[in-house]
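Inspection log for the structure reproduced underneath, given as structure tokens.
First listed ligand is number 1; within each ligand, the first listed atom is number 1. Residues take their numbers from the sequence shown, with the count starting at 1.
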Amino acid sequence: MAQFARVSRSVGLITLQNPPVNALSALARQGIVDAVKRALSDPKVKSVVICGQNGIFCGGADIKEFGTNITGPPLVPMIHAIEASNKPVVAAIEGSAFGGGLELALGCHYRVAHSKAKLGLTEVTLGLLPAAGGTQRLPRLIGVPAALNLITTGRHVTAAEALQLGIVDQVTDHNTVDEAVKFALSVAGKSLDARRISTYPCPCPSDVDALFEEVMQKVRQSARGAIAPIACVQAVRAAATLPYSQGMEREQELMATLFTSGQARALQYCFFAQRAVGRWSMPSGARWDTSKPRSIHKAAVIGLGTMGRGIAVALAQTGLSVVAVETQEKQFMEAKKMVSGMMERGAKRHGTAPPLDKITYSQNIQAVADVDLVIEAVFEDMALKEKVFQQLSTICKQGTFLCTNTSALDVDHLASQTRNPELVVGMHFFAPAHVMKLLEVVYGPRSSPQAVATAMQLGKKMGKVSVAVGNCRGFVGNRMLKPYLEQALFLLEEGATPELVDGALEEFGFALGVFKMSDLSGLDVGWKVRKGDGLVEPGLASGPSARIRQGRRYSPLGDLLCEQGRFGQKTGQGWYRY
Ligand SMILES: CCC[C@H](O)CC(=O)SCCNC(=O)CCNC(=O)[C@H](O)C(C)(C)COP(=O)([O-])OP(=O)([O-])OC[C@H]1O[C@@H](n2cnc3c(N)ncnc32)[C@H](O)[C@@H]1OP(=O)([O-])[O-]
């Protein structure tokens, strides 16, 4: 699990070998401990390089081991032994150095990273904190404010940012291991007194209490009930206020509480579930590993309402050329302005240029003739969608995939409107489509494996978690949402207000309460669906009998709002006034 070799006569090269991400499993840790011992006891070895095989340094502790009886040498003493070594140890970082992987690198005396590498203390996203010394070493290396930012968010930094922050010593475009070996040769025999991060004082602003008070307040607000970010702040505070060894004890104590928490278990379940959905299959037997996607270079979005705008932005941000079509003059003008604004705000947040030139706008559906894939996002009306699919089928070049962003309608029926039903799938985004990570890829009985594979791959490229689902009313996402929304409406009937319900949900951890979310998505969409289901009967909006429909308790409150034209944010009024 870790191979040792002597290279360039005097450099001990330790290569982590635990595919696919060189996670620090018990065997990998044992391998590193053995290889380090060997390097330190070999008199011909004057310096050491640690790297990972297959272009990735290390994805951190082995998450699969969590919740099991963990055996093998623990990480903390292993990293201490590396830091205490009297021969310089250089980390050669390619691909990713995340969590325990970055903590291992921080235990080394020098770090050389490839320009495309990403680094981060990502534990907080798994409900944990960096507990192999990360919360104690990083603030000592880059200062408390920067370390707090990285540790409480788990965000990935590029090699360039890592260099600027002082996390790495050198960034290279060449072979990282070769450069690290050169580096190791150049530092052999040099004093390491100033290279052991655990011995550094923690650079700290004078008013530590005020700083942590302020940070804790901000983190509590953004954490929305998550306990790990709070524990991260407490651990970094220990780095700022206690000697290293006591700080380490505090780190371990805080980790012990998080490690067995329900939140950590849920987030780790989520981590694996998000990967498991990539291994999709269809009733026909078609599978993710036998179906070949086609590359998509140019895509079109039809309909620039709330969803279409978000989808167009998400596609452009992925680097695709996008044709955005809206036939209604007023909506067309408004959408152009809104889409540009969304891209500019996104680019500002990421410090990049907005990809404005990626989108061309048209009021004529003929403009989609040469695209590889179309996402139809017109209003949720079967007759309208039928017409659009009939048009697309004749306008688009041979082989163009036709996708619908319907939230509930029959994808197979839409496919039957086209000449090539095998090219039709659903791509159901969730509002706001350029932000929300969930994407349902809906296959009908006639969708080809290639169409599904292409939509799944495009979703992944867009940074979405794509889930392949069968074609049924409401698919999976909306079938889950229905009882959730229903219960929220019953709460209103029983005396709660939308603010109260949303407040409770947000305090629990939801990013948006259910009523705010509905206003954002548009209340008319669900209304249309309920009408289609025969649930909305005019003249039945009040009285106890109106509260039972199709044999189940029913709340007509959403219908009453829609009857008043209150469709949510887009009309300035919904559950709330805007
Ligand atoms: C004492 C405490 C110490 C420490 O502070 C705690 C930690 O380090 S906590 C850890 C902190 N570390 C993190 O938070 C990093 C978590 N990992 C990642 O962010 C991404 O996997 C990475 C960017 C590394 C690669 O992305 P990519 O190239 O798109 O690839 P991918 O994402 O599709 O994964 C490929 C396969 O590898 C699997 N697997 C991955 N990581 C681990 C792991 N650590 N372990 C086990 N397995 C892992 C993954 O399940 C998948 O398996 P499968 O069976 O094929 O579905």
Margin query: Polar contacts were defined as any N/O atom of the residue lying under 3.5 Å from an N/O atom of the ligand; does this apply to Gly100 and ligand 1?
Written below: yes
Next item on the list: May I ask you to list the atoms of ligand 1 that are less than 4.0 angstrom from any heavy atom of Leu126?
Entry: 9 (S), 10 (C), 11 (C), 14 (O)
Notebook entry, point to check: Is the Phe510 ring parallel, tilted or perpendicular to the Tyr484 ring (thresholds 30°, 60°)?
Noted result: parallel
Margin query: Test of understanding: with salt bridge (Lys or Arg N to Asp or Glu O under 4.0 Å), list the residues that count as partners of Glu507, not counting sequence neighbours.
Written below: none
Next item on the list: Would you sort out whether Glu83 and Ser198 count as a side chain to side chain donor-acceptor pair (under 3.5 Å), showing the intermediate values?
Entry: CA-CA 8 Å; Glu83 192 187 57; Ser198 71; 2.6 Å; yes
Notebook entry, point to check: Would a search of protein heavy atoms around atom 28 (O) of ligand 1 find one under 4.0 Å away?
Noted result: no
Notebook entry, point to check: So is Gly59 polar-close to ligand 1, meaning N/O to N/O under 3.5 Å?
Noted result: yes
Item checked: Glu103 (side chain) donor-acceptor with Gly134 (main chain) under 3.5 angstrom -> yes
Check: OH of Tyr200: more than 12 outside heavy atoms within 6.0 angstrom?
Finding: yes
Next item on the list: Return a yes/no value for Lys460: is any of its N or O atoms, backbone included, closer than 3.5 angstrom to an N or O of ligand 1?
Entry: no
Item checked: Sub-4.0 Å protein heavy atom next to atom 44 (N) of ligand 1 -> yes
Notebook entry, point to check: Would you call Arg279 a ligand 1 contact, heavy-atom distance under 4.0 Å?
Noted result: yes
Margin query: At under 4.0 Å between heavy atoms, is it the side chain or the backbone of Leu75 that contacts ligand 1, or both, or neither?
Written below: side chain
Next item on the list: Name all residues meeting the salt bridge (Lys or Arg N to Asp or Glu O under 4.0 Å) criterion together with Asp62; count only those two or more places apart in sequence or in a different chain, and write none if there are none.
Entry: none
Next item on the list: With atom 51 (C) of ligand 1 as the reference point, say which of Arg275, Met255, His156 has the nearest heavy atom.
Entry: Arg275
Item checked: Contact (N/O only, under 3.5 Å) between Glu123 and ligand 1 -> yes
Margin query: Closer than 4.0 Å and a protein heavy atom, does any atom meet both conditions relative to atom 7 (C) of ligand 1?
Written below: yes
Margin query: Polar contacts were defined as any N/O atom of the residue lying under 3.5 Å from an N/O atom of the ligand; does this apply to Phe271 and ligand 1?
Written below: no
Check: Would you say Val21 has any N or O atom under 3.5 Å from an N or O of ligand 1, going by distance alone?
Finding: no
Margin query: Run the salt bridge (charged side-chain N to carboxylate O under 4.0 Å, His left out) test on Glu213 and Arg237 for me, step by step, so that the C-alpha distance in whole Å, both residues' side-chain angles and the decisive distance to 0.1 Å come before the verdict.
Written below: CA-CA 10 Å; Glu213 189 74 18; Arg237 191 188 168 108; 6.0 Å; no
Note to self: With a 4.0 Å cut-off on heavy atoms, is Gly134 in contact with ligand 1?
What the structure shows: no
Margin query: Can you confirm whether some protein heavy atom lies under 4.0 Å from atom 17 (N) of ligand 1, or whether none does?
Written below: yes
Margin query: For the backbone of Phe429 and the side chain of Asn405, can you confirm whether one donor and one acceptor N or O come within less than 3.5 Å of each other?
Written below: yes
Check: Hey, which of Leu373, Leu315, Thr400 is the one that makes side chain to side chain contact (heavy atoms under 4.5 Å, CB included) with Ile296?
Finding: Leu373
Notebook entry, point to check: Quick one: does atom 14 (O) of ligand 1 have a protein heavy atom under 4.0 Å from it?
Noted result: yes
Next item on the list: Give a yes or no on whether the backbone of His109 and the side-chain of Arg195 come within a donor-acceptor separation of less than 3.5 Å.
Entry: yes
Notebook entry, point to check: Heavy-atom count around Lys298 NZ within 6.0 Å, excluding the residue itself: above 12?
Noted result: yes
Check: What about Phe98: any of its N or O atoms under 3.5 Å from an N or O on ligand 1?
Finding: no
